[in-house]
2 protein chains.
Amino acid sequence: MTADPCLPECGVARFLSLLEGPWATLIVRELLRGPHRFTELRDGLPGISPHTLTSRLRQFERHGIVIRTAYPEIPPRVEYRLTPLGEGLRDVLDAMAAWAVTVPDGESTVTA
Amino acid sequence: MTADPCLPECGVARFLSLLEGPWATLIVRELLRGPHRFTELRDGLPGISPHTLTSRLRQFERHGIVIRTAYPEIPPRVEYRLTPLGEGLRDVLDAMAAWAVTVPDGESTVTA
DNA sequence: CGGCATCCTACGAGATACTG
DNA sequence: CAGTATCTCGTAGGATGCCG
């Protein structure tokens, strides 16, 4: 990729530049179910490392897709919530899921 | 990622496992405009290397998203065309583009 | 609990060169 | 024209450990 500093003109490319890695979209999927705490997100995403989760979450914050709210309590509690912009991703995720059901099973990895 | 051998249950995850890298989706975008030859695809995707293009195209073939047709002519001509399954991705790409227009400009990279 | 710092790996991708 | 082969690189992501 050319690593364009500004957002690309093409809408698809713009989407891609904001939801880079494979985990990014999955995190949004979890957040679409409502606000989540850090550990709740980690539980809902088997295999993700806290490093990756933090990294994606911070990027989403910068892009205005999620809002991070820290409650100064003991024990500390932090809540991640989608912004209206982030909520708009629901249509995209729905489209992905709708398409996925049309994919025949077992044709990935060796068809053998 | 856990690198599950089978397609994930979650539709979103299934989509993600088939359209891995950032170029993958962009290639589909080009193909949605109709059948393309190798060089046409390369021209429409500034910055992509033949290696990457071939790699993604081959994967799409394996997953039944595109059909590769080689015409035994001189000079050789190869055409890549979306299968009905691949055509179904149009809704997803449309959703991405529709969402992207709601993203405010200039908030990516340093807000400064 | 909710991170952050550091180190390391895996893989998509770029560059270059060569072939049917 | 349409690739293939090799090598290197960038970056998402994993592992581990520590801190407020």
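Below, all heavy atoms of this structure are taken into account, side chains as well, without hydrogens, waters or symmetry copies. Order of the sequence lines sets the chain letters (A, B, ...), proteins ahead of strands, with each chain counted from 1.
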_B:Thr52 and B:Ser55: side chain donor to acceptor below 3.5 Å_ = no
*Rounded to whole angstroms, how far apart are CD on A:Glu61 and P on C:dG3?*
9 Å
*When we call it a touch if two heavy atoms are under 4.0 Å apart, what does B:Tyr71 touch: a base, just sugar-phosphate, or nothing?*
nothing
*For A:Arg68, report the nucleic acid contact type (base, sugar-phosphate, nothing); a contact means any heavy atom under 4.0 Å.*
sugar-phosphate
*Give the rounded distance in Å between these two atoms: CG of B:Leu19 and P of C:dG12.*
13 Å
*Could you give the CG-to-P distance, from B:Leu45 to C:dA13, as a whole number of Å?*
11 Å
*A:Gln59 and A:Arg62 side chains, donor-acceptor separation under 3.5 Å*: no
*Taking the side chain as every heavy atom from C-beta outward, state whether B:Leu19 and B:Val28 have any pair of such atoms under 4.5 Å apart.*
yes
*asked:* If you define the side chain from C-beta out and look only at heavy atoms, does anything of B:Leu85 sit under 4.5 Å from A:Trp99?
replied: yes
*Whole Å only: how far is the CD atom of A:Glu73 from the P atom of C:dG3?*
14 Å
*Please give, in whole Å, the distance from C:dG2 C1' to A:Tyr80 OH?*
7 Å
*A:Ile27 and its side chain to side chain contact (heavy atoms under 4.5 Å, CB included) partner, picked from A:Leu53, A:Leu32, A:Ile65*: A:Leu53
*Considering heavy-atom distances to DNA chain D, does A:Ala24 or B:Arg58 have its closest nucleotide positioned more toward the 5' end?*
B:Arg58
*For A:His51 and A:Arg77, take the nucleotide of DNA chain C holding the closest heavy atom to each; which residue's nucleotide lies nearer the 5' end?*
A:Arg77
*Side chain of B:Pro50: nearest nucleotide among C:dT6, D:dC1, D:dT4?*
D:dT4
_Counting the atoms with a prime plus P, OP1 and OP2 as sugar-phosphate, which does A:Ser49 contact under 4.0 Å by heavy atoms, base, sugar-phosphate, or nothing?_
base
_Nearest-angstrom distance from the residue atom CZ of A:Arg42 to P of C:dC1_ = 8 Å
*Among D:dG13, C:dA13, D:dC1, the one nearest A:Pro22 by side-chain distance*: D:dG13
_Residues in contact with DNA chain C, drawn from residues 29-38 of chain B - heavy-atom cutoff 4.0 Å_ = none
*asked:* Please report the distance, rounded to the nearest Å, between CH2 in B:Trp23 and C1' in D:dT11.
replied: 16 Å
*asked:* Just checking B:Arg81: does its CZ atom have more than 12 heavy atoms from other residues, nucleotides or ligands closer to it than 6.0 angstrom?
replied: no
*Below 4.0 Å: OP1/OP2 of C:dA13 and any side-chain N or O of B:Arg56*: yes
*Compare all side-chain heavy atoms of B:Tyr80 with those of B:Ile67 and state whether any distance is below 4.5 angstrom.*
no
*May I ask you to say what A:Thr54 touches in the nucleic acid, namely base, sugar-phosphate or nothing, with a heavy-atom cut-off under 4.0 Å?*
sugar-phosphate
